[in-house]
Amino acid sequence: MPELPEVETIRRGLEPLIVNKVFTRPVLLFPGSIRYPEPDRFCEQLEGRRIIALKRHGKYLLLELNCGLLAVHLRMTGRLVYLEKGGPPSGHLRVVLPFQDGSLLYFSDMRKFGGLWLLDNKEDLSPAGMHRLGPDIYEQVTEEEFLELLQKRPRSRLKPLLLDQFFVAGLGNIYVDESLHRCRLHPCREAGSLSREEGKALFRAIREVLEEGIRCGGTTSRDYRDARGEKGTFQEQLAVYGRKGSPCRCGTAIERIVVAGRGTYYCPRCQAEKRGDGRQ
DNA sequence: GCTTACCTGTCG
DNA sequence: CGACAGGTAAGC
């Protein structure tokens, strides 16, 4: 569920609430959410560590500690919520991370896909598989670099390419569909078939869509909540995602196809597939 | 590439 | 009941 704008919203909301707080011993209701190291060692090692800063790379939220790093990935249904006082709601509660001052963070996750990694060394992200991630599409890629990246994968179709976290990190199904619609590119266009202008338009569309997503506090189609448990509002701005059969702004009905195994929404008129000689 | 698997839930 | 769900890893 959460893509870059949702994770960034959580990061911004959480940072002022938890920086400088010190963890006490975690409570694991579902130890499977702890991905590294072993759950027992995770609990031992987290206790007493202080939060220095909150960072983000792609869809990973990174809590920098006085020693090491706590990485969190929410996958589809994960939530990371701060509570000043009181106990967390019992529904799908997986991990409770209490602080010394009595406040806490809780991680809930209906589908159990999400996870937490406690890394000893900020420089070695390999236990979380993060060392292979591409650059963060929002923070670490310029327009020129994006054009160069597209040229490296000329035969890849845009939709699977943009979803590939090893290509660029942060985009998911919603924001890819919205970005492609905004710059009027068909999801099955090959990266190498784009003109320079089309490549630039794609980059700008991605930037704009992510920017607006962040400004709206993310998209809540069902599960997503921010650091205080509140919903986002970008779902009200979606042009194509989840809108099969509804009219595009051009009046044509939005279609749903499957690309790379993912439901893909687009406007067959605005995003017409150019024909096969690869030049247009 | 594609498919399947991981899980649990909602919707038609 | 089957299809689908914002993500990703593994296995062809």
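Below, read A as the first sequence line, B as the second, and so on, with proteins coming before strands; counting in each chain starts at 1. None of these values were measured; they are calculated from a predicted model.
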Paired runs of 3 or more consecutive Watson-Crick or G-U pairs involving DNA chain B, with both pairing distances under 3.5 Å, are B:1-6 with C:7-12, B:8-12 with C:1-5
Give the other cluster members for [X], using side-chain heavy-atom distances under 4.5 Å between Ile, Leu, Val, Met, Phe, Trp and Tyr residues; answer none if it is isolated.
{"X": "Ile52(A)", "result": "none"}
{"X": "Val96(A)", "result": "Val27(A), Leu29(A), Val81(A), Leu83(A), Leu93(A), Leu104(A), Tyr106(A)"}
{"X": "Ile257(A)", "result": "Val259(A), Tyr266(A)"}

| Less than 6.0 Å separating the ring centroids of Tyr175(A) and Phe234(A)? | yes
_Close aromatic pair by centroid cut-off 6.0 Å: Tyr60(A) and Trp117(A)_ =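 Centroid distance Tyr60(A)-Trp117(A): below 6.0 Å, so yes.
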Numerically ordered, the residues 105-122 of chain A set in heavy-atom contact under 4.0 Å with DNA chain B is Met110(A), Arg111(A), Lys112(A), Phe113(A)
Taken in chain and number order and not counting sequence neighbours, the residues that satisfy side-chain hydrogen bond (donor to acceptor under 3.5 Å, both in side chains) with Arg111(A) are none
Whole-Å distance, Arg79(A) CZ to dA5(C) P, equals 19 Å
Could you list all the side-chain hydrogen bond (donor to acceptor under 3.5 Å, both in side chains) pairs where at least one residue sits in residues 226-247 of chain A, not counting sequence neighbours?
->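 Listed once each, the pairs would be none.
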Practice item. Taking heavy atoms of chain A and a 4.0 Å limit, find me the 5'-most and 3'-most nucleotide of DNA chain B within that range. Key: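 So the contact region on DNA chain B extends dG1(B) to dT10(B).
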Chi angles and distances behind the side-chain hydrogen bond (donor to acceptor under 3.5 Å, both in side chains) call for Ser103(A), Lys21(A):
CA-CA 9 Å; Ser103(A) 62; Lys21(A) 296 207 178 195; 2.8 Å; yes
Exercise for review: Step by step, work out the side-chain hydrogen bond (donor to acceptor under 3.5 Å, both in side chains) result for Tyr224(A) and Glu3(A).
Suggested key: CA-CA 10 Å; Tyr224(A) 167 70; Glu3(A) 307 180 28; over 6 Å; no
Are any protein N/O atoms closer than 3.5 Å to N/O atoms in nucleotides 1-4 of chain C? If there are, list each pair with its distance.
none

inquiry  = Which residues pass the ring-ring contact (aromatic ring centres under 6.0 Å, His included) test with Phe146(A), not counting sequence neighbours?
reply    =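 Phe203(A).
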All N/O pairs under 3.5 Å across the protein-nucleotides 8-12 of chain C interface:
residue: dT8(C); atom: OP1; partner: His73(A); partner atom: NE2; Å: 2.8
residue: dT8(C); atom: OP2; partner: Lys59(A); partner atom: NZ; Å: 2.6

- Task: Give a yes/no on whether any side-chain N or O of Tyr175(A) is located under 4.0 angstrom from OP1 or OP2 of dG6(C).
- Result: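 No, no such contact exists.
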Those residues at least two apart in sequence (or on a different chain) that pass side-chain contact (heavy atoms from CB on, under 4.5 Å) with Asp109(A) are Thr77(A), Arg94(A), Phe107(A)
*asked:* So if I apply the side chain to side chain donor-acceptor pair (under 3.5 Å) rule between Asp177(A) and each of Lys159(A), Arg182(A), Arg262(A), which one comes out positive?
replied: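 The option that passes is Lys159(A).
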Judged by nearest nucleotide, the residue sitting upstream toward the 5' end of DNA chain B, Arg222(A) or Ser156(A), is Ser156(A)
Original post:
What about Ser221(A), does its side chain sit under 3.5 Å from the base of dG6(C) through a donor-acceptor pair?
Top reply: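 Under the 3.5 Å cut-off, the side chain and the base do form a donor-acceptor pair.
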